[in-house]
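Here's the structure we're looking at; comments come further down.
Numbered from 1 within each chain, the chains take letters A, B, ... in sequence-line order. Note that the coordinates shown come from a computational prediction; the quantities given were computed from them, not determined experimentally.
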2 protein chains.
Amino acid sequence: MEYLEAKEKFISTWGSLGTLWGINKAMAQIQALLFISTKPLSMEDIMGDLKISRGNTSMNLRQLMDWGIVTKVLVSGERKEFFTTEKDVQELARIVAKERSRREIKPVIKVLEEVSSIEDNGSAETKELIKQTKALKELTDDLDILMNKLVDQKQNWLTKSVFKLIK
Amino acid sequence: MEYLEAKEKFISTWGSLGTLWGINKAMAQIQALLFISTKPLSMEDIMGDLKISRGNTSMNLRQLMDWGIVTKVLVSGERKEFFTTEKDVQELARIVAKERSRREIKPVIKVLEEVSSIEDNGSAETKELIKQTKALKELTDDLDILMNKLVDQKQNWLTKSVFKLIK
DNA sequence: ACAAACTTTCAATAACTATTGAAAGTTTAA
DNA sequence: TTAAACTTTCAATAGTTATTGAAAGTTTGT
């Protein structure tokens with residue numbers, strides 16, 4: 001496989017994986033492109049390479065910056081703006097985990113809490129609703145805490161400590 | 001909050017959370033409804049309760065059965081089919097983790113493997129592509145293995161062992 | 001073998017989400 | 001202060017995915 005083919009394969013796969021970590025295709029592709037680039041890229045570079053419009057590029061770069069995954073860099077002697085992404089996969093995972101927890105998991109936990117604490121009027125239906133949402137709340141809580149903790153251990157958390165425990 | 005309001009809140013929240021675990025709204029809502037129901041429900045019951053069409057109900061029930069989350073049950077004296085979902089959250093998490101790994105993560109790992117093992121022709125671009133996709137491949141691999149292992153420890157895995165390690 | 005009771009399929013369409021591109025906005029250099 | 005170089009915004013539109021509903025298919029009881 002040639003460089004160009006491999007690059008395209010990577011970008012398109014990463015793009016369609018976007019949904020898995022909750023972002024859209026263009027956003028994931030821009031991130032992928034920056035991730036394997038040896039130097040910061042301008043908006044022109046990105047538009048040209050991914051064949052997407054200026055507007056689309058602008059909006060998705062902004063979102064990536066909101067996530068904290070992409071940052072603007074100044075290239076001296078250049079007027080236009082250039083962009084890079086976090087290059088360290090561990091750090092990338094931390095950011096994504098934190099953001100998804102904040103944006104998606106936390107709000108769900110809040111609803112589960114509310115629902116599971118309605119008053120028990122004695123009916124079987126109410127009892128079941130309380131029981132099941134409580135169980136779901138506890139699981140979601142545990143997973144969220146685990147995710148955040150794992151991802152806080154800055155270096156080598158996975159291989160270092162967790163694996164030996166559960167092998 | 002009354003039972004009905006709580007029930008609706010739970011179903012709609014769980015439904016919109018569907019994307020988080022990679023299924024569509026109707027599918028997640030059907031599962032939610034079954035999850036808090038005290039008895040198996042028929043297609044009529046589900047259509048009526050969620051106000052969705054017969055076709056939609058049929059297709060999404062089928063998908064839930066493909067995932068292994070919902071099963072048909074026979075209710076004696078009844079001609080129509082009834083459905084229940086796995087009621088244990090731990091077991092539910094196991095099934096979902098296994099399926100997502102198989103359907104989404106494994107294929108991505110395969111592509112990352114292919115891309116990261118292209119021949120190094122010495123150029124900086126190629127070196128970067130190899131380096132970064134390799135790092136991504138290793139992280140994804142680790143997370144996938146971790147997810148599957150955690151979820152294999154049938155009972156209490158979370159609270160029991162992992163938490164004390166990383167607290 | 002028939003028909004009633006039920007489920008599945010799938011083409012049409014509705015609903016939603018992403019993308020474009022041109023106009024408006026901003027920054028910079030002279 | 002002007003205008004060129006650049007970025008952002010957003011209404012229009014394209015593209016994608018979900019939903020409907022009616023026809024076709026299946027099963028069961030008589």
Side-chain angles (χ1 to χ4, degrees), chain A residues 11-34 40-67 70-85 103-104, chain B residues 11-34 40-67 70-85 103-104:
Chain A
I11 290 174
S12 88
T13 304
W14 206 239
S16 53
L17 187 68
T19 47
L20 193 72
W21 47 296
I23 66 174
N24 77 27
K25 202 182 70 180
M27 208 173 144
Q29 289 188 341
I30 293 173
Q31 199 278 326
L33 178 62
L34 292 173
L41 301 179
S42 71
M43 229 166 74
E44 303 285 334
D45 294 336
I46 296 168
M47 292 168 56
D49 209 321
L50 301 179
K51 285 162 187 69
I52 58 178
S53 73
R54 190 174 293 284
N56 201 1
T57 309
S58 169
M59 279 175 136
N60 284 107
L61 274 172
R62 147 108 86 128
Q63 280 204 75
L64 284 164
M65 289 188 283
D66 285 350
W67 273 71
V70 162
T71 42
K72 275 186 192 167
V73 291
L74 296 173
V75 173
S76 55
E78 287 275 12
R79 183 143 156 192
K80 51 170 160 276
E81 297 175 320
F82 287 77
F83 303 88
T84 5
T85 189
R103 290 170 193 236
E104 291 162 299
Chain B
I11 290 174
S12 87
T13 305
W14 206 240
S16 54
L17 188 69
T19 48
L20 193 73
W21 48 296
I23 67 174
N24 77 27
K25 202 181 69 176
M27 207 172 143
Q29 288 188 341
I30 294 172
Q31 199 277 327
L33 178 63
L34 292 172
L41 301 180
S42 71
M43 229 166 73
E44 303 285 334
D45 295 335
I46 296 168
M47 292 168 55
D49 210 320
L50 301 179
K51 285 162 185 70
I52 58 179
S53 73
R54 189 174 293 282
N56 201 2
T57 309
S58 168
M59 279 175 137
N60 284 107
L61 274 171
R62 147 109 86 131
Q63 278 203 75
L64 283 164
M65 289 189 282
D66 286 349
W67 272 69
V70 161
T71 42
K72 274 186 192 168
V73 291
L74 295 173
V75 173
S76 56
E78 286 276 10
R79 182 144 158 191
K80 50 171 160 276
E81 297 173 320
F82 287 77
F83 303 88
T84 5
T85 189
R103 290 171 194 234
E104 291 163 299

**Request:** Can you tell me the distance, in whole Å, between the CE atom of Met43(B) and the C1' atom of dA5(C)?
**Result:**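 For the pair Met43(B) CE and dA5(C) C1', the rounded distance is 12 Å.
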**Prompt:** Between dA18(C) atom P and Asn60(A) atom CG, what is the distance in whole Å?
**Reply:**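 Result: 9 Å.
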**Item:** Span of DNA chain D, from the first to the last nucleotide whose atoms fall under 4.0 Å of chain B heavy atoms
**Value:**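 For DNA chain D, the relevant span reads dA18(D) to dT28(D).
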**Request:** Answer yes or no: does atom CZ of Arg62(B) have more than 12 heavy-atom neighbours from other residues, nucleotides or ligands under 6.0 Å?
**Result:**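 No.
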**Request:** Between Met59(B) and Ser42(B), just flag the one whose closest nucleotide in DNA chain C comes earlier from the 5' side.
**Result:**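 With Met59(B) and Ser42(B) compared, the 5'-side residue is Ser42(B).
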**Request:** Remember a base hit wins even if backbone is also touched, and classify Arg62(B) as base, sugar-phosphate or nothing at under 4.0 Å, heavy atoms.
**Result:**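 If one applies the 4.0 Å heavy-atom cut-off, Arg62(B) turns out to touch the sugar-phosphate alone, with no base involved.
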**Message:** Heavy atoms only, 4.0 Å cut-off, all strands: where does Asn56(B) land among base, sugar-phosphate and nothing?
**Reply:**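 The answer is base, as Asn56(B) lies within the cut-off (heavy atoms under 4.0 Å) of a base atom.
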**Message:** Pick the closest DNA chain D nucleotide for Ser53(B) and for Glu81(A) by heavy atoms, then say which residue is nearer the 5' end.
**Reply:**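 Its nearest nucleotide lies further toward 5', so the answer is Glu81(A).
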**Message:** For Lys72(A) and Lys25(A), find the nucleotide of DNA chain D closest to each by heavy atoms; which residue's nucleotide sits nearer the 5' end?
**Reply:**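 The 5'-side residue here is Lys72(A).
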**Message:** Minimum heavy-atom separation for Leu34(B) and Phe83(B), please, with both atom names.
**Reply:**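 Heavy atoms only, the tightest pair is CD2-O, 3.3 Å.
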**Request:** Check side-chain contact (heavy atoms from CB on, under 4.5 Å) between Met47(A) and all other residues, then give those that pass, not counting sequence neighbours.
**Result:**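 Here the qualifying residues are Arg54(A), Thr57(A).
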**Message:** Walk me through whether Met65(B) and Lys72(B) qualify under side-chain contact (heavy atoms from CB on, under 4.5 Å).
**Reply:** CA-CA 8 Å; Met65(B) 289 189 282; Lys72(B) 274 186 192 168; 4.0 Å; yes
Please table the atom pairs, donor to acceptor, closer than 3.5 Å between any side-chain atom in residues 22-33 of chain B and protein atoms at least two apart or in another chain.
| residue | atom | partner | partner atom | Å |
| --- | --- | --- | --- | --- |
| Asn24(B) | OD1 | Ala26(B) | N | 3.2 |
| Asn24(B) | OD1 | Met27(B) | N | 2.9 |
| Asn24(B) | OD1 | Asn60(B) | ND2 | 3.3 |
| Gln31(B) | OE1 | Trp14(B) | NE1 | 3.2 |
| Gln31(B) | NE2 | Thr85(B) | OG1 | 3.1 |

**Message:** Between Asp45(A) and Ser42(A) (side chain of the first, backbone of the second, donor and acceptor by atom type, cut-off under 3.5 Å), is there such a pair?
**Reply:**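 Yes, Asp45(A) side chain to Ser42(A) backbone: donor-acceptor pair under 3.5 Å.
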